[in-house]
Amino acid sequence: MACTRFLAGACRLTLSCAGYLSRCYSLAVDIPHTSIGRRLGLFWFQVANLMSAGRAMEELLNDFLTEATDQIDQVERQIVQFEQDPSDAEAIAQIFRLVHTLKGTSGFLELPRLERVTHAAETLLGRVRKSGAATPRQVDAVLQTIDTIQEILTGLETSGSEPEGEDDLLIEALKAAVEDSELEQAPSADSLSADALSGHVDESPGRPPSEAQLLPPVQEHTPAKPNRMGNQTGSGSIRVMISTIERIMRLVSELVLTRNQLLELAREESSDTMSAPLQRLSAITTDLQDGIMKARMQRIDRLFASLPRMVRELGQELNKSITLVVEGSDTELDRQLIEHLRDPLLHLIRNCVDHGIEDRATRSQSKKPENGTITVTASQEGGFISIRISDDGRGIDHQRIRDQVIAKKLAPEDQIALMDNDEICRFIFAPGFSTAQSVSNISGRGIGMDVVRANIESIGGNVSLTTTPGQGTTFIMKVPLTLAIIPALIFEVGAQRFAIPQNSVVEAVTCDDGEKSRVVRAQGSNLLQIRDQNIILADFKELCNFDPGNSAGEFPGTEITAQAQDASRPANDSLAIIAKVGALQFAIEVDRVLDVQEIVVKPLSSPLTQVRMFAGNTILGDGSVVLIVNPTGVADLIGLDSAKHYTASTPWEELPQEKEATSFVLFRDADGIQKGVPLSLLSRIEEIDSVNIAHSDGQVVVHHNNTLMPVIDLANSVNKTGQLPVLVIGVGGEPMGLIVSEIIDIVEHQLEIDIAGRTPGIIGTTEIRGAVTSILDITHFMRTARPGEFERRHAKRFRVLVVDDKPFFRDMLAPLIAASGYDTKTASSAADAIIQIKRGTYDIILTDLDMPDVNGYELAKMIREIPRYAKTPIMALDAFAGREVVEAAAEAGMDGVVGKFDRELLITCLRDTFEATAFNTSNIEARMEKDKAA
Amino acid sequence: MNTSAECQSSTAADQLKQIFTIQVGNEWFGIPIDNVRTIFRTRKITPVPLAPVAVAGLVNVRGEVLTAIYAASCLDVANFKCGDELLIIGIEHHSESFGLIVSQAGDILDVQDEETILLPNNKQASGKSSNNNAASPHRASLPTYKKNGQYYPVIDMDAFFNALNSDSQAA
């Protein structure tokens, strides 16, 4: 404190008499322990030097601007810190010193606007320092001051002189805010020096309180204390031009190349005298490379520093009180990336404040603390940085998103029906999506989330979210540690090598090995068929116009060997690299895949930036230049548009899960109409001679293996002779048959019903292989063919309740479970389920998770509250049994999750559960673990 | 249009004191000496598929990647031939590194503004690109110096690269 006053005195001296400059310098550098003091000293040292050297005022101004901008960053951080902890005298002292420094220098540089503002702010800060606590009004006034200062500095930077502006209001506000401290605490004798510094500011007392005072107080308690930082900034660091670092980088990569050449030579000559020093050189080079990479890294701090203030201001604007907790601000990443992350991060936080956190009244109604909390956490996970932004707000209303998705036709409705809540939520990132009911100036204009996604994906990252209604939302951004050095897959086409970023590569496979993968031609393009997936396959040569006589044609003298001459595709030995951009997958056909290397990414020169196919270039170990393929550009070239093809499937870590296809038996009925029935429901397909078909008692039966089997005659068999195909369906061991006219094929098709069925016996209509196909409702036929049997056979069996709001799943699952010998009932909603559960007795309840009104989790909780169902197994049915779902299900008291399409696991699960019930042990989880592992 | 181009080039010429001469095909040109960095020969060049035709590829010069350009293509020189080994003049333009592929490197010449000759604008008159002034050859109105009986049109680097960029946009 004493130091500062002393310093202030020194500055004054300087202002009045430039001749004292040198003395001033010697005083200033004597000030110990504060980085500010040291900086100030440095600055005055420069002033002294510059004056004597006679350098222009302009350069002086530039130095001042650089210093000032830095100092302002610190002020902001400190002031929010102070506000959160009003007893932090050190923080306010620091702010005071910084403002004071600005004031001193602005006077010297003849910047009257800046001087006037900082002067008033200094007076206020002096008071605050003494009273030991800042009122919100004071904090506002100081923040406003910082804004004005920044505005002036920006003007200075662009025009070289102070911009025009009216500061009277601000000065008034500052003066008015001074009184807050006076009201709280009379000036003590100790305040003399501050008064001396503030001088004329005290001339106008008794200002009416500004409207800022009417604002509610911002939170007074902080649940978690943000990282203390800034204290160590300034000491032990120097300022280096980025170009200098880049130059060192380049030289180091050059050194690496030279080292590699040397190593090669030494190996050839096998010289022992050389090998030891070479080893050393090699190790040092590697260390040097690491070192310089670290020099490019910056703390994510830089990004987080502006957040507290933003949250605070947004909170005030929306009348919400919000605490921001920042964790992991010492995480380091490439400075290039920090800038790329800024906009997405700010946008996500704005969203949390605006949509996530409820207003006070709503919060207290839902028994939450009035104070909302937003947590921003940065951490390093391998080669990635993940930033989580979570709020404890209202969460995202799945149903509203679903409605929006349907209203905006972002996906076909039947697909939407199959999507679980997590998938639906991902549509938030689809272009043009907004669920905000009112448009505010903070967020909710329908732009943004897709931009966030695009920005993050453009730097090879991804963004995802998890949300729990009523409890909050978490956004997770995951970005690579650096853009400068990335792992890349090196491949070869013709004689030329290329690199493709490893994080967009899914796998490399042989194009056509005749077994696992094969190439088919469809609609003029090649498709790579692998594991039931069809991936569009593009020939890299074609994409690149690798065509003799085109690229180098104009100058035949410079025929380059790398231009592949052979346009015809090698049939079997070519490879396909399966790449992905967001959720989009495609395959590129290449000649050879070489290896994965860490490459240093260099940008392409401006005439080449138009070539969207490539994102940059790099120099490999042997000194050759290699182009880096831009996966997004390739997707565009192929004609895939990542924005339009946005689907809600999980990007990143794993392959986007393909919806599992179901095998259907396709057949024709008497009218020649194509119909389908899931293969899983059939026990076998047989041929029966028409003479064995008999009509009796209004039923059609066939003599088969000395028994009578009821059949449904879809083939109008009375008019036919000879062998007729019969689909045999097993109902708990009692078979029934469907006589059809002709069996066409067995196909794999995703269960997607385009038009729901109207006639009994038909679940719905879909398109299979280009033909309209009706999917049979087997339950209907079972009831018709074996009316008694269907009910009777299961009376003594285990009872299963299937709860699903979608008739399709009820109709599909019920017969499936019934076919395995269990008595199956269905319920179309949670309410329906509760009625049935109370009325009857069930041994297991299978419930869909995603249902309107009451979802599966809530239903499970409700069931658990019924005493006699406290221990009854409840299994969740979900399209994909993802980890998140499994965890949420366990929390809701369910015993496990089964995939809706995973017929085998479902049946195994049931069997195990009933065995467990029989032996009075519950080992479902263990079983499921085992099944999963298998 | 013509007048303004002439005005620009004559102001540029006022500042030129030294030029570096290159031969492209059978024609000689000058490059402002400030732009020239290195001269080297190389066989290793990485072609860039889909790039403008004037771009030959990428070359590694001591750890720095430069974009090699057929000077002949940008300057509308016919009959340009080069062998496996390319002669490249490394230049810097707006802090990016390029290489001009030329037939022969000449000398550094001291030139004075008085020696400037404006050649008749026959290229544009020939009508090859009369509708396309932006991408039109820059040679037409280039300030030209006569030294030792040889004419040296001096390449306007901005125009040269503008033409290249607009080429690539068109492509």
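In what follows, every chain begins at residue 1, and chains take the letters A, B, ... in the order their sequences are listed.
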| request: Search all heavy atoms of L627(A) against all heavy atoms of P47(B) and return the closest pair with its distance. | output: CD1-O, 3.5 Å
| query | In this structure, are over 12 heavy atoms from other groups packed under 6.0 Å from H93(B) atom NE2? | reply | yes
| remark: Rounding to 0.5 Å, atoms CG (L50(B)) and SG (C544(A)) come to a distance of 5.5 Å
| side-chain hydrogen bond (donor to acceptor under 3.5 Å, both in side chains) between T46(B) and Q496(A), worked out | CA-CA 8 Å; T46(B) 304; Q496(A) 191 170 351; 5.5 Å; no
| query | Under a 4.5 Å cut-off applied to non-hydrogen side-chain atoms, are T67(B) and L604(A) in contact? | reply | no
| said: Tell me if the CG atom of N26(B) is crowded by more than 12 foreign heavy atoms within 6.0 Å. | reply: no
| Gap separating the CG atom of N60(B) from the NZ atom of K602(A), nearest 0.5 angstrom | 7.5 Å
| Pair listing, ring-ring contact (aromatic ring centres under 6.0 Å, His included) test, anchored in residues 594-617 of chain A, at least two apart | F498(A)-F614(A)
| query | Does any heavy atom of chain B fall under 4.5 Å from the side chain of L255(A), the backbone, both, or neither of them? | reply | neither
| field | P52(B) side chain reached by L608(A) side chain, heavy atoms, under 4.5 Å | value | yes
| field | Nearest heavy atoms of E96(B) and S605(A), plus distance in Å | value | OE2-CA, 3.6 Å
| query | Who are the ring pair (Phe, Tyr, Trp, His ring centres under 6.0 Å) partners of F98(B), not counting sequence neighbours? | reply | F161(B)
| query | Pick one: which of V59(B), L66(B), V65(B), V48(B) meets side chain to side chain contact (heavy atoms under 4.5 Å, CB included) with V625(A)? | reply | V65(B)
